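Worksheet: one structure, shown below.
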Amino acid sequence: MPTFYLTTAIDYVNSRPHLGTAYEKIAADVIARYKRLAGFDTHFVMGNDEHSQNVFRRARELGEEPLAYCDRMAVEFTEVWRSLDVSLDDFIRTTEPRHRTGVQELVRRMTAAGDIYEGHYEGWYCVSCEAFKQEKDLVEGLCPIHRTRPDWLREKNYFFRLSKYRDALLAHFEAHPDFLVPEIRRNEILRLLESGLDDISVSRAGQAWGIAMPEDPASVIYVWVDALINYITAVGYGTDPAAFERHWPADLHVIGKDITRFHCVIWPAMLMSAGLALPRQVFGHGWLHLKGEKMSKSLGTIVDPLEAAQRFGPDPLRLYLTKEITFGSDGDFTWDRYEDRYNVDLANNLGNLVSRVGAMAEKYRDGVVRPGGASDGRLAETAREAAGSYAHQMDAFALERGAAAAFRIVDAANEYIAGTEPWALARDASHADRLSQVLFDVAESVRVAAVLLLPIIPRSAAEILRRVGHTGDVQDVRLRDADWRGQGERRILKGDALWPRIVAAEGARNEVPVSRPAIVAGGAGRQERQRNHPVEQQNGSGDAASAAPAAAQEAAPAAPAPAAGNAQITIDDVMKLDLRVAKVLTAEKVPNSRKLVKLSVDVGSEQRTLVAGIAEAYEPDTLVGRTIVMVFNLKPAKLMGIESNGMVLAASPDGGTPTLVGFEGEVPPGTRVR
RNA sequence: GCCGGUGUAGCUCAGUUGGUUAGAGCACGCGGCUCAUAUCCGCGUUGUCCGGGGUUCAAGUCCCUGCACCGGCACCA
């Protein structure tokens with residue numbers, strides 16, 4: 001039996017897994033399950049990357065031993081993966097003995113090859129950041145984050161002769177065009193290789209958390225080098241030669257597009273140095289953007305994507321991620337679209353099809369269907385075409401096209417039912433054979449579609465197979481079982497709706513505010529663009545201080561404001577608004593105007609000038625010192641020759657005087673309102 | 001600064017090597033059916049394929065150029 005070994009990136013454990021990491025695991029799992037379906041002896045490995053300084057620090061912050069903290073996180077991670085039905089065969093942690101042994105062995109081999117040499121690394125080091133700083137990053141010689149003077153540090157480091165492997169890597173890329181896909185990633189790396197490589201530091205001095213250099217316990221192997229080696233230690237490198245022999249080289253590394261350099265330059269060079277085979281392929285998937293990310297935090301009614309998976313079962317989420325996102329490109333998750341796909345693909349099309357097949361089989365044939373004569377073969381033909389296309393697309397990791405192929409069968413079956421009208425056939429006994437055949441063909445279509453969907457929605461597909469008469473262990477189902485079977489008797493089972501329709505959105509979506517905040521100050525249009533939030537951030541360098549403040553958003557060109565009317569908007573639209581608390585510093589009436597007041601306000605990070613149309617209701621003097629709410633990301637507009645950089649929120653009854661929005665308690669300027 | 005990607009229907013996107021009237025889903029309109037989860041089926045509306053120039057018998061697709069947005073590198077991992 002051919003083997004297939006695939007891996008995902010191992011995850012930093014300084015925060016809990018989120019939808020971005022889940023996306024990678026689910027996509028990889030779809031591939032793993034597909035490979036099993038296609039008859040490969042598949043080995044699917046995931047893991048946690050635990051030797052980061054951030055992890056060490058985080059654990060200490062929580063007053064825990066680093067290893068105990070990692071143990072806890074490992075449980076959390078694996079529980080999430082299990083709840084998403086990710087079918088991992090092994091889970092490796094970089095603190096495990098098998099990993100440590102293998103890492104040291106590999107470094108020893110690299111050293112023996114003459115590729116590791118001793119050197120020094122020196123530079124400005126900020127103790128608070130625990131990081132070296134570039135000269136140009138310093139502000140007046142101080143760390144820009146901590147405002148402290150960094151130390152000039154010189155530490156002994158071991159270096160890897162990465163530069164030596166440039167030509168070999170180029171040759172490898174040349175000889176293996178599919179080594180890195182999609183192509184855009186390959187091109188990036190090729191350009192990088194063409195521009196030359198520097199040797200890299202592979203150790204850190206003076207740290208205890210990590211794996212020691214084989215001959216120098218005072219130095220610890222750099223965490224990235226440590227992490228990459230998991231792909232071989234997980235299959236027994238240095239500990240289980242037979243297992244290693246069986247699995248290595250890996251057939252596929254599934255990783256995020258941001259870490260292709262590590263996987264396609266450093267990692268292969270390390271393997272070359274140690275005389276080991278290179279992985280056959282690396283797939284750099286895109287990022288998942290989460291438009292509605294913030295809403296889950298602000299509105300308790302709206303659930304986190306992982307919670308959604310737990311609520312509806314993992315399959316709707318799995319289907320969304322594979323079918324709606326071109327694998328390799330960036331994708332986007334919004335609740336609106338998620339519900340849309342759930343209702344259309346699952347509730348209306350597949351789920352309803354399963355329901356009607358079950359109902360008709362029971363009503364017309366007491367639950368047992370068998371061929372009734374000559375079939376017109378139309379559904380068989382569609383199923384054959386779809387299954388062929390499916391395999392072709394899945395082999396190329398075009399997961400979205402594979403999923404679409406399976407759903408072509410579902411669509412065809414629904415159409416076929418409408419065209420043949422089994423309920424009409426049932427009224428006339430002379431059509432009994434024809435009715436039997438129609439029911440049989442439709443049931444068979446459902447069976448084939450379910451086989452193809454097993455990798456994508458494993459739990460539901462198994463249930464569907466059961467309902468259309470599949471007996472035996474679903475684990476034994478193979479791709480060839482998607483071949484059309486025109487014979488045999490099937491017992492069709494009726495059951496509850498697999499996916500009840502989501503009727504109206506729960507929560508805040510339909511709520512209409514009693515008094516709608518109105519525009520009282522200038523601003524010709526509403527800012528249309530929302531800064532996207534990639535939820536996938538692989539590295540753990542996310543110090544709060546280094547995260548770009550939302551204030552860094554630049555003003556985007558505003559699209560013309562649609563005449564809003566009473567059209568409902570989605571929560572996504574709402575989250576485009578950057579509302580901030582501001583404190584009025586000065587206020588003065590705009591000369592020659594009736595309603596306008598010019599305000600300068602403190603928004604925490606900066607001062608802004610606003611023009612507001614509230615002069616009829618408020619004397620300028622009474623506004624000074626007052627805390628208000630403003631639209632922070634509104635495109636500037638000129639009113640009476642004064643540029644207004646934002647808008648003040650107030651309740652504005654028709655024809656009445658506006659009343660400013662305020663707070664019950666004290667709120668510091670700059671706080672976001674949402 | 002250097003390099004790359006994207007820009008297609010109201011929305012989300014697909015369009016493989018240039019080849020007939022540019023597609024899908026959603027949304028919208030009309031009609032049909034009743035087995036089914038107010039589901040399903042059919043028909044229909046909507047497009048300066050970002051702008052401009054060029055190559056060609058033929059361009060969404062190739063070349064040049066402009067604009068907008070995103071990303072990689074330059075500056076670590």
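Owing to the predicted nature of the structure, the values given are computational and were not obtained by experimental measurement. Naming convention: chains lettered A, B, ... in sequence-line order (proteins, then strands); numbering from 1 in each chain. Only this structure's heavy atoms are used, side chains among them; waters, hydrogens and symmetry mates stay out.
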| message | Pairing donors with acceptors under 3.5 angstrom, does anything connect the side chains of D441(A) and S375(A)? | response | yes

| Between rG4(B) and R186(A), is there an OP1 or OP2 to side-chain N/O distance shorter than 4.0 Å? | no

| request: Scan L498(A) against the nucleic acid and name what it touches under 4.0 Å (heavy atoms): base, sugar-phosphate only, or nothing. | output: base

| Distance, P atom - from rC13(B) to rG71(B), rounded to whole angstrom | 16 Å

| Which whole number of Å gives the distance between the P atom of rG53(B) and that of rC28(B)? | 39 Å

| task | May I ask you to say what N352(A) touches in the nucleic acid, namely base, sugar-phosphate or nothing, with a heavy-atom cut-off under 4.0 Å? | result | base

| request: Sort out the partner of rA36(B) for me: Watson-Crick or G-U wobble, both distances under 3.5 Å, none otherwise. | output: none

| field | rG1(B) pairs with, by Watson-Crick or G-U criteria that keep both distances under 3.5 Å | value | rC73(B)

| field | Watson-Crick or G-U wobble partner of rU48(B), both distances under 3.5 Å | value | none

Could you pull out the protein-nucleic contacts involving nucleotides 29-32 of chain B (nitrogen or oxygen on both sides, under 3.5 Å)?
none

| task | From the options rC26(B), rA36(B), rU34(B), select the nucleotide whose nearest atom is closest to the side chain of W423(A). | result | rU34(B)

| request: Determine: side-chain N/O of N349(A) to OP1/OP2 of rU39(B), distance under 4.0 Å, yes or no. | output: no

| field | rU39(B) OP1/OP2 closer than 4.0 Å to side-chain N/O of R501(A) | value | yes

| Within the structure shown, what part of the strands sits under 4.0 Å from P422(A) by heavy-atom distance: base, sugar-phosphate, or nothing? | nothing

| request: On the 0 to 90° scale, with breaks at 30° and 60°, tag the F312(A)-Y338(A) ring pair as parallel, tilted or perpendicular. | output: tilted

| remark: Sorted by position of nearest nucleotide on RNA chain B, 5' first, the leading residue of V223(A) and I417(A) is I417(A)

| request: Send over the distance from D411(A) CG to rG25(B) P, rounded to a whole Å. | output: 8 Å

| Watson-Crick or G-U wobble partner for rA68(B), using a 3.5 Å limit on both distances? | rU6(B)

| With both distances under 3.5 angstrom, what nucleotide forms a Watson-Crick or G-U wobble pair with rU21(B)? | none

| request: Would you tell me if any nitrogen or oxygen in the side chain of N348(A) comes within less than 4.0 Å of OP1 or OP2 on rC40(B)? | output: yes

| Using the P atom in both, what is the distance from rA9(B) to rA24(B), to the nearest Å? | 14 Å

| E194(A) atom CD, over 12 foreign heavy atoms within 6.0 Å | yes

| request: Determine the Euclidean distance between corresponding C1' atoms of rC64(B) and rU55(B); express it in Å to zero decimal places. | output: 11 Å

| Can you tell me how far P of rU16(B) sits from CZ of F397(A), to the nearest Å? | 22 Å

| query | Is any side-chain N of the basic residue among R466(A) and E463(A) closer than 4.0 Å to the acidic one's carboxylate O? | reply | yes

| Do the non-hydrogen side-chain atoms of L169(A) and L197(A) ever get within less than 4.5 Å of each other? | yes

| field | Partner nucleotide, any strand, of rA59(B) [Watson-Crick/G-U, under 3.5 Å] | value | none

| query | How would you label the contact of R427(A) with the nucleic acid (heavy atoms, under 4.0 Å): base, sugar-phosphate, or nothing? | reply | sugar-phosphate

| message | Expressed as a whole number of angstroms, how long is the span from F333(A):CZ to rC13(B):C1'? | response | 17 Å

| message | Other residues, nucleotides and ligands only: do more than 12 of their heavy atoms fall within 6.0 Å of CG on D428(A)? | response | yes

| Spacing of the P atoms in rC43(B) and rA38(B) (rounded, Å) | 24 Å

| Between F159(A) and Y117(A), what is the ring plane arrangement, given parallel below 30°, perpendicular above 60°, and tilted in between? | parallel

| request: Using the P atoms only, state how far rA27(B) lies from rC11(B), rounded to an integer number of Å. | output: 15 Å

| remark: Result for ring pair (Phe, Tyr, Trp, His ring centres under 6.0 Å) between F262(A) and one of Y231(A), Y222(A), W224(A) points to W224(A)

| note | From CZ of R408(A) across to P of rA14(B) the rounded distance in Å is 17 Å

| query | Quick one: is rG25(B) close enough that its OP1 or OP2 comes under 4.0 Å of any side-chain N or O from R337(A)? | reply | no

| query | rC41(B), rA36(B), rA77(B): which one has an atom nearest the side-chain heavy atoms of R356(A)? | reply | rA36(B)

| query | Counting side-chain heavy atoms from CB outward, which of rC40(B), rG42(B), rC26(B) is closest to V344(A)? | reply | rC26(B)

| message | It should be established whether R401(A) places a side-chain nitrogen or oxygen under 4.0 Å from OP1 or OP2 of nucleotide rG15(B). | response | yes

| query | What do you reckon, is NE2 of H392(A) surrounded by more than 12 foreign heavy atoms closer than 6.0 Å? | reply | no

| Does rC43(B) pair with anything, Watson-Crick or G-U wobble, both distances under 3.5 Å, and if so, with which nucleotide? | rG29(B)

| Does OP1 or OP2 of rA14(B) have a side-chain N or O of T326(A) closer than 4.0 Å? | yes

Please list every donor-acceptor pair under 3.5 Å in which a side-chain atom of residues 397-414 of chain A meets a protein atom from a residue at least two apart or in another chain.
{"unit_1": "E400(A)", "atom_1": "OE1", "unit_2": "F327(A)", "atom_2": "N", "d": "3.0"}
{"unit_1": "R408(A)", "atom_1": "NE", "unit_2": "E385(A)", "atom_2": "OE1", "d": "3.4"}
{"unit_1": "R408(A)", "atom_1": "NH2", "unit_2": "E385(A)", "atom_2": "OE2", "d": "3.0"}
{"unit_1": "R408(A)", "atom_1": "NH2", "unit_2": "S389(A)", "atom_2": "OG", "d": "3.3"}
{"unit_1": "N414(A)", "atom_1": "OD1", "unit_2": "R356(A)", "atom_2": "NH1", "d": "2.8"}
{"unit_1": "N414(A)", "atom_1": "ND2", "unit_2": "N349(A)", "atom_2": "O", "d": "3.4"}

| task | For G331(A) and for A347(A), locate the closest nucleotide of RNA chain B by heavy-atom distance; then report the residue assigned to the nucleotide nearer the 5' terminus. | result | G331(A)

| query | Just checking S201(A): base, sugar-phosphate only, or nothing, at a heavy-atom cut-off of under 4.0 Å? | reply | nothing

